[in-house]
Amino acid sequence: MSERKKILIVDDSEMNRALLEDMLSDDYEILEAANGMEATAILSEQELGICLVLLDIVMPVMDGFETLTMMNKKGWIKNIPVIMISAETASTYMDRAYGLGAVDYISRPFDERTVRHRVDSNVILGEKQRSLSTRLSAQIYEKEKDNRLMIEILSHIVEFRNGESGLHVLHVHTITEILLKALRKKTDKYPLTQQEITLICNASALHDVGKISIPSEILNKPGRFTPEEFEIMKGHTVEGAKMLKDIPFRGNEPLIKIGYQICRWHHERYDGRGYPDGLKGEEIPIAAQVVSLADVYDALTAKRVYKPAFSHEKAMEMILHGECGAFNPLLLECLEESQEQLKKELNVISLGNAADREIHNLVAHTLKTDGTDVSNRTVRLLEHERTRANILSELSREITFEYSEAPEMIKLSEWSADYLGLPLTVIEPKDSDLGKVIFKPKDFENLLNSLKNSKPDSPAVTAKYMLNIKGAKTWCKITAKAMWSDTEPPEYEGAIGKIIDINDETEEMMHLEEKANLDFRTGLLNHEAAKSRISAVFGTPSTRKHALVFFDLDNFKQANDVYGHLFGDEVLEHIAKTIKKNIRSSDIAARMGGDEFIIFLGYKGDVEPLVKRIFNSLTGEFKGFPLKVSMGVACVDDSIGDYDTLFEMADKAAYSVKRGGKNSYRFYDETLKDVVTDRD
């Protein structure tokens with residue numbers, strides 16, 4: 001027989017307590033208190049065992065309102081429903097009781113049917129709320145765990161190119177957490193909340209994402225860098241920050257803001273002798289300061305292509321003696337004081353359990369923190385995790401998915417759904433385009449069976465299939481991890497994984513650098529990549545002449561404001577496709593950002609007919625929306641020796657069109673020499 005649920009009756013009248021006990025004792029175990037002080041003592045001892053409180057208002061020592069206030073302060077009100085019982089029926093009493101968290105109000109004299117109905121209803125409701133809280137806790141945990149896997153996937157891409165183990169990012173995460181918590185205990189100078197610490201730790205995984213843009217021969221060079229190579233290597237800080245900044249519509253996400261700080265400034269030094277911006281002291285955001293120290297410590301204690309692993313003692317000596325740059329003195333104190341914890345944590349860390357304890361702590365903190373409704377907080381947290389997963393998917397340019405066994409569905413990241421032309425949630429995937437068109441039905445069935453037949457202690461599944469990606473037959477590698485419940489016996493729940501649309505991992509690495517040069521939205525080159533390729537043309541003998549075309553859309557803001565950002569994206573993609581159709585394969589086209597584009601043309605004879613044809617192809621209508629461009633053209637001659645000069649000329653020509661009525665093109669001439677554009 002199951003244990004009966006406990007109800008606490010708080011009333012200074014023994015007669016009232018006896019009446020209520022007679023009504024309820026057949027179904028509930030009754031506890032009694034004569035005032036709020038006694039009730040508080042009982043709640044302190046038996047908080048988890050009480051499912052409901054019946055609370056009088058007018059009592060000596062501590063009245064009902066004071067008791068409710070204490071229950072709010074202690075956090076008990078979130079888990080234990082309170083029904084007020086009183087002869088006071090004035091609306092001011094009722095309003096105050098409800099305002100302090102009471103769920104119901106019963107007036108004396110008591111009607112047994114009313115009392116039993118309201119007590120039973122609120123006990124059931126309270127049980128459901130506690131069950132929901134438990135389920136939400138599990139859901140937050142699983143979402144956090146799955147999204148940590150997404151971070152590991154992205155981190156592994158960077159580390160694979162860099163010849164590092166998969167533990168570097170996890171070590172940096174752990175060291176960052178230890179230092180931040182030590183810093184919070186040591187000083188109030190940096191008011192760090194638990195949420196901010198978690199955010200910084202998660203963002204630390206992105207610190208070296210810019211290395212995707214560094215050529216592998218430099219990245220993995222075993223010897224010293226030449227000055228030129230070191231300058232290229234230093235560029236990973238700026239490139240990583242730029243990757244995050246350029247993610248469409250994500251600029252205000254906290255993870256992006258913190259990630260930008262860490263990517264750009266984790267090689268700055270406290271004495272101002274770091275790079276790329278030479279920031280000094282507290283000019284460096286604390287997130288970047290902490291990750292910088294964590295990165296240096298782990299780099300010293302790990303084996304790299306250019307050095308053996310140093311011992312913990314040697315690494316500490318080098319850091320504290322300034323051999324690895326200057327750091328915040330407070331952080332160095334935190335590092336010294338946390339030595340034993342560091343050694344202990346890093347010796348047992350593994351890919352499978354690195355963040356597990358922190359995730360549990362995050363869940364507990366989320367559900368017990370005062371001041372915010374659990375369900376609202378959970379919705380925001382889950383939305384944050386969904387956003388983070390989408391950001392990581394956009395950065396890695398990989399198709400990521402979550403498969404649910406019951407009900408059967410597949411959830412794709414926003415980037416993946418857009419790339420495949422599928423909805424975000426694919427219901428009954430075996431009968432969908434995913435299971436019938438993109439996959440061969442037999443292959444899709446085989447993949448799902450492989451995941452279901454995996455074991456909890458070996459959940460990883462890897463397979464290769466010929467997929468139909470955007471109408472092209474492509475060999476793809478699927479890497480997935482089956483998700484099992486923690487019940488006994490474990491039950492298969494689904495999987496999380498990724499699809500790489502290449503023939504093998506070697507080819508993947510060869511293409512990563514090229515992918516980093518492309519604009520995500522249009523598939524054209526980004527500005528930096530285009531600038532590099534155009535600059536290489538200067539000084540190279542050629543039988544062709546060259547011109548730079550720069551243009552922007554005259555009314556693009558209207559496309560976003562009136563028709564929405566999704567339509568605005570369609571316009572940009574249409575412009576990119578039109579450019580590709582109207583230039584040669586040897587020409588260079590790029591999206592600078594926003595609605596600005598450049599085209600570097602090779603030509604013989606007169607360039608104007610070519611420019612006119614391109615201009616005419618870009619103007620007109622797209623799905624009823626008028627397309628107009630302001631275009632400037634600058635031709636290369638002997639007086640122009642670099643890209644920046646050429647671009648400035650094309651920019652001035654386009655600016656003069658913009659100021660003179662728009663929707664036209666103009667070639668640069670000397671009359672535009674003194675024009676001042678918005679960039680000047």
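Only heavy atoms go into these numbers, but all of them, side chains included; no hydrogens, no water, no symmetry mates. Just so it is clear, the model here is predicted, and its values are computed rather than measured. We number each residue from 1, following the sequence as shown.
With sequence neighbours excluded, the residues satisfying salt bridge (Lys or Arg N to Asp or Glu O under 4.0 Å) with Lys623 are Glu570. Remark: Val607 engages Ala547, Tyr603, Val611, Cys635, Phe667 in a side chain to side chain contact (heavy atoms under 4.5 Å, CB included) (not counting sequence neighbours). Under the side chain to side chain contact (heavy atoms under 4.5 Å, CB included) criterion, Arg613 pairs with Asn582, Leu610, sequence neighbours left out. Lys234 is linked by a salt bridge (Lys or Arg N to Asp or Glu O under 4.0 Å) to Glu231, counting only residues two or more places apart in sequence or in another chain. Judged as a side chain to side chain contact (heavy atoms under 4.5 Å, CB included), and not counting sequence neighbours, the contacts of Asn468 are Val437, Lys473. Residues forming a ring pair (Phe, Tyr, Trp, His ring centres under 6.0 Å) with Phe597 (at least two apart in sequence, or on another chain): Phe551.
Taking all atoms of both residues into account, the shortest heavy-atom contact from Ala634 to Ala650 is CB-N, 3.6 Å. Nearest heavy-atom pair across Gly568 and Phe556 is O-CE1, 3.4 Å. The two residues Ile575 and Leu553 have their closest heavy-atom pair at CD1-CD2, 3.9 Å. Taking each heavy atom of Gly240 and Cys263 in turn, the nearest pair found is C-CB, 3.9 Å.
The CD atom of Glu402 sits 10.5 Å away from atom OG of Ser416, with the distance rounded to the nearest 0.5 Å. Going from atom NZ of Lys628 over to atom CG of Leu618 covers 15.0 Å, rounded to the nearest 0.5 Å. Between the OG1 atom in Thr237 and the CD1 atom in Ile262 there is a gap of 13.5 Å [rounded to 0.5 Å]. In this structure, CG on Leu467 lies 10.5 Å from CZ on Phe444, to the nearest 0.5 angstrom. Rounded to the nearest 0.5 Å, atoms CG (Leu451) and CG (Asn446) are 9.5 Å apart. Annotation: the span from Tyr668 atom OH to Ser656 atom OG amounts to 10.5 Å, rounded to 0.5 Å.
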* Please test Arg521 against Asp418 for salt bridge (Lys or Arg N to Asp or Glu O under 4.0 Å), starting from the C-alpha separation and ending with a verdict. => CA-CA 10 Å; Arg521 177 54 55 194; Asp418 181 63; 3.7 Å; yes

* To do: Assess whether side-chain contact (heavy atoms from CB on, under 4.5 Å) is satisfied between Arg666 and Leu672, documenting all intermediate values.
  => CA-CA 11 Å; Arg666 179 174 178 178; Leu672 300 176; 3.5 Å; yes

* Asked: After noting the C-alpha distance and the side-chain angles of Lys652 and Glu648, does the key distance pass the salt bridge (Lys or Arg N to Asp or Glu O under 4.0 Å) rule?
  -> CA-CA 6 Å; Lys652 288 184 176 183; Glu648 182 182 5; 3.6 Å; yes

* Step by step, would you call Lys531 with Asp644 a salt bridge (Lys or Arg N to Asp or Glu O under 4.0 Å)? -> CA-CA 9 Å; Lys531 178 179 177 179; Asp644 290 337; 3.2 Å; yes

* Could you go step by step and tell me if Phe567 and Phe622 meet the side-chain contact (heavy atoms from CB on, under 4.5 Å) rule? -> CA-CA 10 Å; Phe567 180 79; Phe622 174 70; 4.1 Å; yes

* To do: Begin from the C-alpha positions of Met233 and Lys211 and carry the test side-chain contact (heavy atoms from CB on, under 4.5 Å) through to its verdict.
  => CA-CA 8 Å; Met233 187 64 179; Lys211 286 184 177 178; 3.7 Å; yes

* Step-by-step side-chain contact (heavy atoms from CB on, under 4.5 Å) determination, Asn526 to Arg591 -> CA-CA 6 Å; Asn526 60 44; Arg591 179 189 176 203; over 6 Å; no

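Checking side-chain atoms of Asp443 against main-chain N and O of Lys440 turns up no donor-acceptor pair under 3.5 Å.
With respect to the salt-bridge test (charged N to carboxylate O, under 4.0 angstrom), the residues Asp552 and Lys662 do not qualify. We find that Lys545 and Asp637 are not joined by a salt bridge, their nearest charged nitrogen and carboxylate oxygen being 4.0 Å or further apart.
Residues Phe600 and Leu646 have side chains in contact (heavy-atom distance under 4.5 Å, counting atoms from C-beta outward). Using a 4.5 Å heavy-atom threshold, the side chains of Tyr665 and Val657 count as separate. Residues Tyr419 and Ile469 are in side-chain contact: their nearest non-hydrogen atoms beyond the backbone lie under 4.5 Å apart. The side-chain heavy atoms of Lys430 and Leu448, taken from C-beta on, include a pair separated by under 4.5 Å. For the pair Leu518 and Leu524, the minimum side-chain heavy-atom distance is 4.5 Å or more.
Aromatic ring centres of His207 and His173: separated by at least 6.0 Å.
Ring pair Trp265/Tyr260 is perpendicular by interplanar angle, where above 60° counts as perpendicular and below 30° as parallel. Ring orientation note: the planes of His236 and Tyr275 are nearly perpendicular, at an angle over 60° on the 30°/60° scale. Note: His527 and Phe647 have tilted aromatic rings, judged against thresholds of 30 and 60 degrees for the angle between ring planes.
By the neighbour-count criterion of 12 heavy atoms within 6.0 Å, atom CZ of Arg659 is sparsely surrounded, having that number or fewer from other residues, nucleotides or ligands.
Results of the side-chain contact (heavy atoms from CB on, under 4.5 Å) test with Asp433 over Ile438, Leu420, Leu422 single out Leu422 as the only residue that passes. Looking at Val426, Ile496, Leu434, Ile499 one by one, the single match for side-chain contact (heavy atoms from CB on, under 4.5 Å) with Phe401 turns out to be Ile499.
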